[in-house]
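Beneath this line is the structure, given in structure tokens, with notes to follow.
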Amino acid sequence: MPAVGQAAVTGQVVRNVLDRYFEQIRAAARKATAARTSPPLIPLEMDAKPAAFTRFTEVTDVGLTQIRPQLYLLDLMRNPGARTTKTVASLLMIARAVSHIRRTGERVLLVTPTSGNKGTALRDAVARAYETGLATPDELRIVMLAPEASRSKLRDCPLTVEPSLRTANPVVVADVERPGDVKELSREVVERSAAEILGTTGFRIWYTLDLDNYRIADAVRAFVEAELLPVTEQSAPRLHAHAVSSAFGLLGYHLGHQLLGDGATGLPEPARHPGFFLVQQLATADMVTSLLGTKAPEYTLDEAAGLWRQSAAPEFPAVTDHPQEVIDATFYTKEPPTRTQVNEIVARHGGGGVVVSRRDCLEKFGEVRSLAADAGITIAADPSLIREWSLVKAITGVLVARERGLIAADTDVVVHASGYYSDELLAPLRDEHLTRVGTADDLAKVVLAAAHA
């Protein structure tokens, strides 16, 4: 199969980006490693492709389709087992884990706090490692911890088929005050249990919250653009629009763009760096407010209509059901540490941001569905069935930003389609396959059981 070919509708697709860009990803890993102040637990760079790597990574196709004049959709969700952009980073992480296992003889137990998609993609990657013979359950396992607020986002996968696999690869739901508290809860357990588990079971615990785990994989976005839609001196101004929590994906694109500019990838060197346009929801709008250097506007309750209104800031919804509205539990990060770096990139290369409400998404829903369909993506006609809103939010954000003059009329926009699924498209995880915890002690018992299973 050719590495670059026709997509399902009118665009193009790069096949198996992890395999096609393996050497470029190694270069990204070297660049990221050189900038670190401390080494990662599992090296970022692999010496060589593990056995069965090509088959293991065959779900990492990326498509690019023009869906309207000056509007493109970069489809990063073509893996049927996850339906989000987290697939590329997750498969790369598992391949790195397997390389560590083969090099050291240690076994690896991943512990990942998540609001849903990251954990789903990592579990799918572990299941693919088992299926393709890359690793066995005796060598590689994963504990996933999500907040109760993300229950509706948890997806099924082959790791739930057998009781032994469920014990070795548990999905844990925590009763926490704030969704982001799952990070502190899991970190506490890892810090106090890692040495004991390594000594008694031979499992090295890998706590996965490290920006570089995602940044080096997301560099492929820039490589795909360089092949399918290169930025030349004649190109119109360009923005990359993304529904973001911490903007890991855009920072990965930035790393890839830097490598292209270094001339070390063998791919076309872009004439300039596109701007970034961030899309967020009201409950977690910290990236946008930081970028704008302002706070969210004050909303006034319209008691007769039961709505909140504001007219001071075009970057925010004029009308919302609540000033702290949560459209999607995936986006739980407040005050992400990546704000400073993203602000610097936008200050240098241009861009902006917008915050959307559920009412914005529903008002534009028909148009969004039509645009997505032009790229071969079917969005459920009933919005109540949607469990992952990133794609809908991103396209909605661009449409309303165009209307409000936040994006110049002469600007090309590449929308990063980073996630969409419904229960019909990706089956939900059953309650009997969950383990619920309330304390660090509860979680420690689950992690110990996974290591000893």
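Start at 1 with the first residue, then count along the sequence.
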Would you check if the side chain of K153 reaches a backbone N or O of R387 as a donor-acceptor pair within less than 3.5 Å? yes
- Query: Between E225 and Y72, do the side chains contain an N or O donor and an N or O acceptor separated by less than 3.5 Å?
  - Reply: no
- Message: If we ignore hydrogens and angles and just use 3.5 Å, is the side chain of E148 paired with the main-chain N or O of V173 as donor and acceptor?
- Response: no
Tell me which donor-acceptor pairs under 3.5 Å the side chains of residues 262-269 have, and how far apart each pair is, sequence neighbours excluded?
unit_1: D262; atom_1: OD2; unit_2: K31; atom_2: NZ; d: 3.3
unit_1: T265; atom_1: OG1; unit_2: L267; atom_2: N; d: 3.1

Test your reading of the model: is there a side-chain donor-acceptor pair from R123 to the backbone of C157, 3.5 Å cut-off? no
Short N-O contact, R436 and D175, less than 4.0 angstrom: no
* Asked: For residues T208 and T112, is any side-chain donor paired with an opposing acceptor at under 3.5 Å?
  -> yes
Interatomic distance, OH@Y21 vs OG1@T57, rounded to 0.5 Å, equals 13.0 Å
So, do M46 and L92 sit near enough that their side-chain heavy atoms are less than 4.5 Å apart? yes
Looking at E432, I want to see if its CD is surrounded by more than 12 non-hydrogen atoms of other residues, nucleotides or ligands under 6.0 Å.
yes
Quick note, side-chain hydrogen bond (donor to acceptor under 3.5 Å, both in side chains) partners involving residues 210-219, not counting sequence neighbours, are R36-D210, R36-D212, R96-N213, D212-R215, D218-R221
Minimal heavy-atom distance between R78 and D61, with the atoms involved, is CD-O, 3.4 Å
- [ ] Using distance alone, with no hydrogens and no angle criterion, decide if S90 and T87 have a side-chain donor and acceptor under 3.5 Å apart.
- [x] no
Worksheet entry | Derivation and outcome, side chain to side chain contact (heavy atoms under 4.5 Å, CB included), residues S235 and D412 | CA-CA 9 Å; S235 297; D412 286 345; 5.7 Å; no
*Okay, side chain of D360, backbone of S357: is any donor-acceptor separation there less than 3.5 Å?*
yes
I'd like to know if the side chain of E139 and the backbone of T136 have a donor-acceptor N/O pair within less than 3.5 Å. yes
To the nearest 0.5 Å, atom CG of L429 lies from atom OG1 of T120 at 8.0 Å
### Query
If only atom types and distance count, is the side chain of R83 paired as donor or acceptor with the main-chain N or O of Y421 below 3.5 Å?
no
**Prompt:** Is it true that the side chains of S422 and E424 contain a donor and an acceptor less than 3.5 Å apart?
**Reply:** no
For P274 and H349 the tightest heavy-atom approach is O-CB, 3.8 Å
query = Aromatic rings F276 and Y253: how do their planes relate, parallel, tilted or perpendicular, breaks at 30° and 60°?
reply = perpendicular
In terms of heavy-atom contacts, D286 and P336 come closest through CB-CD, 3.9 Å
- Query: N169 side chain to I142 main-chain N or O, any donor-acceptor pair under 3.5 Å?
  - Reply: yes
Requested in this report: Keeping the roles fixed (side chain from S246, backbone from T338), state whether a donor-acceptor pair exists under 3.5 Å.
Outcome: no
Taking 4.0 angstrom as the limit, do D19 and K49 come out as a salt bridge? yes
Donor-acceptor under 3.5 Å (Y207 side chain, P113 main chain) = no
Worksheet item: How about I94 and L110: do any of their side-chain heavy atoms sit closer than 4.5 Å?
Response: yes
Rounded to the nearest 0.5 angstrom, the CD1-CG distance for I216 and L211 is 10.0 Å
H273 and H254 aromatic ring geometry - parallel, tilted or perpendicular at 30°/60° bounds: tilted
Charged N-O contact under 4.0 Å between R155 and D423:
yes
Correct closest heavy-atom pair for V413 and A241 would be CG1-CB, 3.9 Å
Margin query: Whether D431 and R151 form a salt bridge (side-chain N of Lys/Arg under 4.0 Å from carboxylate O of Asp/Glu) is what I want to check.
Written below: yes
Looking only at heavy atoms, the pair that brings F365 and A380 closest together is CZ-O, 3.2 Å
*asked:* When you measure from the side chain of T232 to the backbone of Q234, do you find a donor-acceptor pair of N or O atoms at a distance under 3.5 Å?
replied: yes
Closest non-hydrogen atoms of G81 and D124, given as atom of the first, atom of the second and distance, are CA-OD1, 3.6 Å
| Do other residues, nucleotides or ligands put more than 12 heavy atoms under 6.0 Å from the CG atom of D382? | yes
